[in-house]
Amino acid sequence: MTAVTYELIKKDSKSRARRGRVNTPHGSIETPVFMPVGTAATVKAMRPDEVKEMGAQIILSNTYHLYLRPGHDIVKAAGGLHKFMNWDRAILTDSGGFQVFSLGDLRKITEEGVTFRSHIDGSKHMLSPEKSMEVQNALGSDIIMAFDECAPYPADRNYVKNSLERTTRWLARCKEAHKNTEMQSLFGIMQGGMYKDLRYQSAMEIVEMDLPGYAIGGLSVGEPKDIMYEVLDYSADYLPEDKPRYLMGVGSPDYLFEGVERGIDMFDCVLPTRIARNGTAMTSHGRVIIKNAAHERDFSPLDPECDCYTCKNYSRAYLRHLFKSNEILSSMLLTNHNLHFLINMMKNIRQSIEEDRFLEYKREFYNKYGKF
RNA sequence: GUGGGUGUAGUCAAGCGGUUAAGACACAGGGUUGUGGCUCCUGCACUCGUGGGUUCGAAUCCCAUCACCCACC
């Protein structure tokens, strides 16, 4: 019996969208789901009870960041990540593979793993499949991710092929090194860049390892939208139907709809929380850049159709004032809204699949949202 | 009234005879997608209180004038 299991509840008849459930030791997750990101054991600007209250079923945290600070030994001594950060629902931790790719100036990739310098104090470290599993086992997250290499875009075929094959070998090592299978489940990650045959190869290799879930990595790394949709189109199909499919790093409304339509169950992204801190809100009528002078005397809510705490209690003029004054409350209120917005949107998506009208809901949403 | 000082963008200012007048903040737009981010990018003075003069050339030197500040009567 694995820690994490998936049940398929309903399939949309006019698309590949599906309604499902992921069961974890810390509760079930109704899918498709958007998972807020809390890299350093906190969803920035939010208290856990607020995140819970807005309906988040699972959040992300990060191996690389927690390993460097405060150190996984400390989190373990605290009683595990759930207890440490006071979050009793499910947690998924990313392996750190993406970090050494995105922030390693002095990184070196070998078959053994990746050596890199800490962005905090410059100290030298090595992250490998075994080390990543050790750290994630210490953290105690419900879903742990394989230590992979996320190839950049663009990357030539040869590089991507070598990289994907190494990622597969690393996955085998992750599976071997993962100790706490009773309480934590390992998800594999497909790579392969923008090459169809390589995506297929990667999928076949990782699916053979029979894991509780699979992710599509290496997308949303700067490629044009149409290419991303095209790759996603066939990539999702290469993954088994009886396991959850997780598209990593995707979080704008259109990407979420397109992902769901192609059969994706799980998404995570820093976008809603990051742009909130930088003054942008996602609303049912499109993006609102709150610092714009147009909102100086606008005393209406951010999104009149939203029933989040922010929209029920504050005006755009006030939110603009907070942002321009650099007030902490600005980050809090905007983050609260953006997360609420996406979580609510996913809830509506789930309902539309149940009622077999996903594409209608999508059309409705797009018409109102305008340009992405 | 006398003596001294200062006047450069919305603000604080650099520049002190020689290409299209630093920079910061503010302001105005934009970005952000497995979080090195209360962040990054772009724009924003045909003009240096005003009027004359010297000079090939003036924000920079001279004269006058106005405004403000300080000191002394």
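Because only heavy atoms are used, hydrogens play no part in the values below, and waters and symmetry mates are left out as well, while side chains stay in. The chains referred to below are lettered A, B, ... by the order of the sequence lines, with proteins before strands, and numbering in each begins at 1.
Atom P of nucleotide B/G34 and atom CD1 of A/Ile264 are separated by 16 Å, given to the nearest angstrom. In this structure, CG of A/Leu127 is placed 18 Å from P of B/G34, rounded to the nearest angstrom. Between the C1' atom of B/U35 and the CG atom of A/Leu92 lies a distance of 15 Å, rounded to the nearest Å. Atom P of nucleotide B/U35 and atom CE of A/Met35 are separated by 11 Å, given to the nearest angstrom. Regarding A/Leu334, its CG atom lies at a distance of 15 Å from the P atom of B/U39, rounded to whole Å. As a whole-Å value, the separation of A/Lys324 NZ from B/C38 P is 18 Å. Here B/A28 presents its P atom at 7 Å from CD of A/Glu296, a figure rounded to the nearest Å. If you take NZ of A/Lys225 and C1' of B/U32, they are 13 Å apart, rounded to a whole angstrom.
Phosphate contact (OP1/OP2 of B/G37, side-chain N/O of A/Asn278, threshold under 4.0 Å): absent. Between B/G34 and A/Gln99, no contact under 4.0 Å exists linking OP1 or OP2 to a side-chain N or O. Here A/Arg287 reaches the OP1 or OP2 of B/U32: one of its side-chain N or O atoms lies under 4.0 Å away. Using a 4.0 Å cut-off, some side-chain N or O of A/Arg277 falls inside it from OP1 or OP2 of B/C38. Residue A/Ser102 has a polar side-chain atom (N or O) positioned under 4.0 Å from OP1 or OP2 of B/G36.
For A/Thr39, counting side-chain heavy atoms from C-beta on, the closest listed nucleotide (B/U35, B/G36, B/U32) is B/U35. Here the side chain of A/Arg274 is nearest to one of B/G30, B/U32, B/U39, namely B/U32. Counting only heavy atoms from C-beta on, A/Asp268 has its side chain closest to B/G34 among B/A28, B/G34, B/G30. In this structure, of B/A28, B/G34, B/G30, it is B/G34 that holds the atom nearest to the side chain of A/Val270. Proximity note for A/Lys44 (side chain, C-beta onward) versus B/G37, B/G36, B/G34: the nearest is B/G37.
A distance of about 15 Å separates the P atoms of B/C62 and B/C16, rounded to the whole Å. Rounded to whole Å, the C1' atom of B/A26 lies 11 Å from the corresponding atom of B/A9.
Taking only distance into account, the side chain of A/Asn62 never meets the base of B/G34 through a donor-acceptor pair shorter than 3.5 Å. At a cut-off of 3.5 angstrom, counting only N and O atoms as typed in the model, there is a donor on one side and an acceptor on the other between the side-chain of A/Lys291 and the base of B/G30.
Using modelled atom types, one finds no donor on one side chain facing an acceptor on the other under 3.5 Å when comparing A/His337 with A/Thr335.
Using a distance-only test at 3.5 Å, with no hydrogens or angles considered, a donor-acceptor pair links the side chain of A/Asn313 to the main chain of A/Tyr309.
Interatomic distance, A/Leu186 CG to A/Gln136 CD, rounded to the nearest 0.5 Å: 8.0 Å.
Among the protein residues, A/Ile289 comes within range of the sugar-phosphate backbone only, with heavy atoms under 4.0 Å from sugar or phosphate atoms but none that close to a base. Contact annotation for A/Gln191: base contact, defined as any heavy-atom pair under 4.0 Å involving a base atom.
With contacts defined as side-chain heavy-atom distances shorter than 4.5 Å, the pair A/Pro152/A/Tyr159 qualifies.
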